[in-house]
Each structure stands twice: as structure tokens, then as C-alpha cells.
Amino acid sequence: MLDFESSKGALIAKTIEDFMTLDLTGVGLIGKIYAALQSRQPGPACMMGARILTDAVRAQKGPVVIATGFPEGAGVPETDGPVGAALIARALFMGLGVESVILVDEDWEEMMVGTCRGAGLAPLPFPEDGVIRPVEFIRPVYIRTVPKDDAGCRAITEALLEVTRPSAVISIERPGMNDHGLYNGLGGRPLDGMVADLDQFFASAKARKIPYVAIGDGGNEMGMGVIAEDLRRFSPKAKDSGIPGRGGVAAVMAADHLIVSNVSNWGATGLIAALSALLEKPSVFHDAALEVRCIEQCVSFGGVDGMFMAPEPAVDGISAAEWAGLIDALRNTLDRLNGRVIGWKGDSGDWRQQK
């Protein structure tokens with residue numbers, strides 16, 4: 001396993017972080033968000049997150065629960081989040097041999113099933129007894145849905161913790177409750193009635209000492225309470241949503257470990273790249289073609305792009321074709337850092353030192 005505190009490991013970890021801080025959407029917040037995170041949680045967030053998940057899975061042997069889903073108009077889910085969740089589930093299985101349970105609202109099940117198939121996973125029925133068992137000769141994933149009413153949602157999530165017994169829990173691009181107990185879009189849009197309350201699930205997981213890793217990009221996502229105080233100083237609606245009585249949009253739930261990026265799916269890519277590097281297993285990091293297929297499947301089965309607000313094959317206004325280029329750029333850069341390049345005589349290694 002890679003020692004990310006060695007000179008080589010530190011360079012790989014920092015390179016992944018550098019990719020995560022690219023302002024791909026031009027919003028102008030990621031630099032401040034990342035600086036705030038470093039002041040609260042110093043170090044390479046993606047690599048540290050990969051190590052936390054690896055240690056938890058190897059120690060506990062249980063599945064990983066991944067919660068996602070962010071509603072746009074009419075409650076339709078956006079592509080940012082589900083695509084990342086599906087590809088994280090693939091990486092965890094390829095790298096650690098562990099199954100994932102993806103947790104979404106009931107009305108988003110079809111979208112999540114299609115997205116997982118796009119990521120090269122086979123969605124299987126969630127077991128009636130709630131216990132995830134190994135299944136040979138298939139690359140599985142499980143979709144667990146929750147209703148939007150509090151009692152029904154809590155009954156299912158408590159069973160996940162008591163019976164399914166996850167090794168770790170992850171949230172990616174999932175609305176987080178603010179200090180008024182309300183869910184909001186980043187621009188202050190009320191999400192009342194559009195999402196189930198999963199804050200209680202993560203609070204209960206933390207109380208059980210189950211490691212919790214979160215991925216977010218704006219500040220209103222679950223887990224970003226790690227930097228809530230900082231967000232209120234520089235993020236436009238973090239302190240005041242602009243709607244009287246609703247407070248700001250900053251999420252209060254703090255993850256045990258937070259990963260931030262300009263787009264949450266890109267943060268998932270950073271975590272996957274870090275897990276691949278940490279385990280020294282290149283197959284864990286998916287290729288560009290799979291990223292594109294996953295996005296396309298997400299929109300084909302009900303997802304919409306978060307900028308176009310339509311079933312366009314894009315994430316936060318960035319086309320699937322552009323994401324393919326970004327995946328290739330990060331994969332190729334990490335290959336070069338690992339010496340997986342061929343020089344003029346057919347030898348691998350740093351060709352610049354040979355001339």
C-alpha cells in the first residue's frame with residue numbers, strides 16, 4: 001500500500017488535491033472553500049478519506065452506505081451526486097471487495113438503478129433481512145430507498161445501522177439541514193417536502209462511531225458543517241438565504257472527514273483516484289468512457305443537469321465529453337507520477353532523466 005507521507009506518496013496526494021481545486025464552473029468559491037477546509041482539517045483530503053475508508057472496511061468487514069440525491073425543479077434529481085456515488089461504489093468493490101448500499105429517496109430509485117448500471121454495477125434487490133452477503137461472479141450494488149415522511153425514513157435508516165451494520169457511511173451532494181432545521185438550495189431555494197431527512201441517519205451513525213466521509217461543493221451539502229462558520233463569512237447565502245425566517249443555507253452536520261471540490265462528482269473522482277493510488281491498483285480508477293456512460297445513463301433514467309435543468313448529458317453545466325477529458329488528464333498525470341510511461345527505447349520511468 002502506498003505511503004502517502006513518503007515523497008512519492010505526498011506528491012501523488014497533492015496532485016489529486018490540485019485537480020480538485022480547479023474552478024471548472026467559474027463560480028469562484030472553491031479556492032475559499034478549500035482554504036477553509038485546510039484551516040480546519042489540514043492535509044490531502046482525498047487521500048486521507050481513502051485511508052479512512054480502507055481502514056474501516058478492513059476492520060469491520062461490513063458494507064458502505066452512500067447517500068446522495070439533490071432535487072431540482074419538481075423534485076427531479078440532478079446528475080451531480082448519483083454519478084459520483086455509483087462510481088465510488090464501483091471503486092470500493094474493485095479495490096476492497098466490499099459492497100455498497102446507495103441510499104436515495106423513493107422517487108429516485110429508477111434513476112439510481114440506471115446510473116449504477118452505467119457505472120458497470122449490477123443492482124441487486126436489497127435483502128429482506130437487511131444483511132448484505134457476498135455474491136459470487138457479479139459486481140453488485142444495492143439501492144435502499146426511503147420515504148420523505150420522517151417516521152418511515154427513520155425506521156429504514158435505523159435498520160440500516162442496526163442490521164446492515166455498515167463499516168462506513170458517505171454522503172455526496174446530498175442536502176444538509178441548516179441551523180433552522182430546513183433544507184435549501186445554494187441560492188436559497190427552499191427544498192421543503194422534496195427530500196427525506198437523512199441528517200438523523202448521519203447523526204446516528206456518528207453516535208455509533210461509524211466513520212463518516214462527506215463530499216460537497218458549495219456549503220449546503222450534508223457534512224459541510226466542518227466549515228459552516230467559515231462559509232458564513234464569504235459564501236453569499238450561507239448566513240442569510242434571503243427568505244425571512246429560513247436562516248442561511250450552510251449545512252450544520254459535520255462529517256468526520258470532508259472532501260471538497262468545484263463539483264461534487266469531481267470530488268468523488270478525487271476520492272477514487274486516491275483509493276486507486278493508495279491500494280496501488282490502477283483498475284480501481286475508472287476510465288473516461290465509463291464516466292460518460294454513467295452520466296448518460298443517469299439522464300436516461302431520470303436525472304437532469306444542475307445548470308441546464310434538463311436531461312442533458314452534463315454535470316453542473318459541464319458536458320460529458322469535457323468530463324471525459326478531465327478523467328483522462330487526471331489518470332494520465334497519475335500514471336506519469338507512478339512511472340507508468342514508456343520512453344524512446346521502450347523503458348518505463350522518468351524519461352526526462354534519461355536524456
Side-chain angles (χ1 to χ4, degrees), residues 21 23-37 39-40 67-82 84 105 107-108 148-150 153 171-200 202-203 214-255 258-267 303-310 312 314-318:
T21 57
D23 193 0
L24 302 169
T25 62
V27 172
L29 278 178
I30 185 57
K32 293 178 180 178
I33 288 174
Y34 189 78
L37 179 62
S39 73
R40 305 275 179 178
T68 192
F70 205 107
E72 299 299 349
V76 177
E78 67 166 316
T79 52
D80 194 20
D105 298 56
D107 47 337
W108 301 339
K148 298 191 193 298
D149 70 277
D150 289 347
C153 177
S171 65
I172 172 170
E173 193 65 16
R174 177 75 194 187
M177 195 176 284
N178 71 357
D179 54 9
H180 282 49
L182 300 170
Y183 293 106
N184 302 278
L186 187 59
R189 173 173 57 99
L191 303 180
D192 303 345
M194 291 186 177
V195 290
D197 172 16
L198 292 186
D199 274 73
Q200 52 79 23
F202 286 99
I215 302 173
D217 60 20
N220 59 325
E221 299 89 2
M222 189 89 69
M224 290 196 70
V226 173
I227 58 170
E229 290 183 20
D230 305 277
L231 287 165
R232 293 186 184 103
R233 289 196 291 270
F234 63 78
S235 185
K237 298 292 183 71
K239 187 176 181 180
D240 183 358
S241 68
I243 300 176
R246 291 193 66 88
V249 305
V252 296
M253 172 65 66
L258 178 61
I259 294 169
V260 298
S261 59
N262 184 232
V263 177
S264 291
N265 281 354
W266 190 228
V304 297
D305 173 68
M307 190 182 86
F308 298 123
M309 305 299 176
E312 300 281 351
V315 181
D316 280 2
I318 300 171

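Side-chain contact between D80 and E221: absent, with no pair of heavy atoms (C-beta onward) separated by less than 4.5 Å. Within the 4.5 Å cutoff, the side chain of L186 has no heavy atoms near those of the K237 side chain. Side-chain contact between L182 and P190: absent, with no pair of heavy atoms (C-beta onward) separated by less than 4.5 Å. With a 4.5 Å cut-off on side-chain heavy atoms, R246 and D192 count as touching. M177 is listed as a side-chain neighbour of D197, based on a closest heavy-atom distance under 4.5 Å.
Within a 6.0 Å radius of NZ in K148, more than 12 heavy atoms belonging to other residues, nucleotides or ligands are found.
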Task: Derivation and outcome, side chain to side chain contact (heavy atoms under 4.5 Å, CB included), residues D305 and E72 - done: CA-CA 9 Å; D305 173 68; E72 299 299 349; over 6 Å; no
Open item on the list: Assess the residue pair N184 and N220 against the criterion (side chain to side chain contact (heavy atoms under 4.5 Å, CB included)); give the C-alpha distance rounded to whole Å, side-chain angles, the decisive distance to 0.1 Å, and a yes or no.
Closed with: CA-CA 7 Å; N184 302 278; N220 59 325; 5.7 Å; no
Task: Stepwise side chain to side chain contact (heavy atoms under 4.5 Å, CB included) check, I33 with M224 - done: CA-CA 10 Å; I33 288 174; M224 290 196 70; 4.1 Å; yes
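To the nearest 0.5 Å, the span separating OG on S241 from NE2 on H180 amounts to 8.5 Å. With values rounded to the nearest 0.5 angstrom, L24 atom CG is found 4.5 Å from I318 atom CD1. Residue R233 holds its CZ atom at 11.5 Å from NZ of K32, rounded to the nearest 0.5 Å. To the nearest 0.5 Å, the span separating CZ on R232 from CG on D240 amounts to 11.5 Å. Atom CD1 of residue I259 and atom CD1 of residue I215 lie 5.0 Å apart, to the nearest 0.5 angstrom.
Between L198 and C153, the closest heavy-atom pair is CD2-SG, 3.8 Å. For D199 against Y183, the heavy-atom pair with the smallest separation is OD1-OH, 2.8 Å. For the residue pair N262 and I30, the shortest heavy atom distance occurs at N-CD1, 3.7 Å. Taking each heavy atom of M194 and W108 in turn, the nearest pair found is O-CZ2, 4.0 Å. When all heavy atoms are compared, the tightest approach of P175 to V195 is CG-CG1, 4.0 Å. Taking all atoms of both residues into account, the shortest heavy-atom contact from D217 to D316 is OD2-OD2, 3.8 Å.
Proximity of a side-chain donor or acceptor of T21 to a complementary backbone N or O of G31 within less than 3.5 Å is not detected. A donor-acceptor pair is defined here as one N or O able to donate and one able to accept, closer than 3.5 Å; no such pair exists between the side chain of T79 and the backbone of G303.
R174 has a carboxylate O that lies under 4.0 Å from a charged side-chain N of D105, or vice versa, which qualifies the two as a salt bridge.
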